[in-house]
Amino acid sequence: VSTQSTWGPFLIGLLSSTTMANEQPEKHQFEGGCHCKAIRFQITLDKLESCDCNCSICVMKGFLHVAVPASCFVLKTGQDNLTTYTFNTGVAKHLFCRTCGISSFYHPRSDPTGYSVNLHCLDNYNEIKDKFTHEMFDGQNYEANLSAYKQTHVQNSCKNN
């Protein structure tokens, strides 16, 4: 008859998973802006994910999307230097610097109250780019692909609760 408890490994596993479930995701803060530095912003992320869309405007701009909820985005300078371009449905608000023309972020059609930040416009891009996962999105067939994409990608959150 064994005198060792079989509960030990079970309880350790249970306590470990409970602790992990209650832990807050690590927060990552980045700053960025346009080429002339008139526009400056800060973002907070708990997921380092980017998306490469093949739609016409994203390809032409070289935009690598980082989805950022409005609560995780702070425009530090340049509100008066932003100008907007819309096309097609008019839902997406493509913002760019009226001085240098760079689009460092915009309000996407998939989340008009949030932001899509261009990974290329984050400070120290060459040092941080490999920390992000990169996926392709077929934006040429936007409507057909958006719901499946949203189901497999959890939104970034910067809530402290």
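Keep in mind that this is a model prediction, so the values were computed, not measured. The analysis underlying the following values was restricted to heavy atoms, covering all of them including side chains, and did not include hydrogens, waters or symmetry mates.
Seen from the ring of Y106, K61 counts as a face-on cation partner, given the 6.0 Å and 45° thresholds.
Using a 30° and 60° split on the angle between ring planes, H28 and F30 fall in the parallel class, below 30°.
Heavy-atom neighbours of H35 NE2 from other residues, nucleotides or ligands within 6.0 Å: at or below the threshold of 12.
No side-chain N or O of N118 forms a donor-acceptor pair with one of S103 less than 3.5 Å apart.
In this view, R98 satisfies the side-chain hydrogen bond (donor to acceptor under 3.5 Å, both in side chains) rule with no residue, not counting sequence neighbours. Shown here are the side-chain hydrogen bond (donor to acceptor under 3.5 Å, both in side chains) partners of T77, two or more places apart in sequence or in another chain: there are none. Shown here are the side-chain hydrogen bond (donor to acceptor under 3.5 Å, both in side chains) partners of Q42, two or more places apart in sequence or in another chain: Q29.
Without hydrogens or angle criteria, H107 side chain to G114 main chain gives a donor-acceptor distance under 3.5 Å. No donor-acceptor pair closer than 3.5 Å links the side chain of H94 to the backbone N or O of A92. Between the side chain of N54 and the main chain of Q140, a donor-acceptor pair closer than 3.5 Å is present.
Nearest approach of V66 to L119, heavy atoms of both residues: CG2-CB, 3.9 Å.
Under the salt bridge (charged side-chain N to carboxylate O under 4.0 Å, His left out) rule, D123 has a single partner from R40, K76, K129, K37, which is R40.
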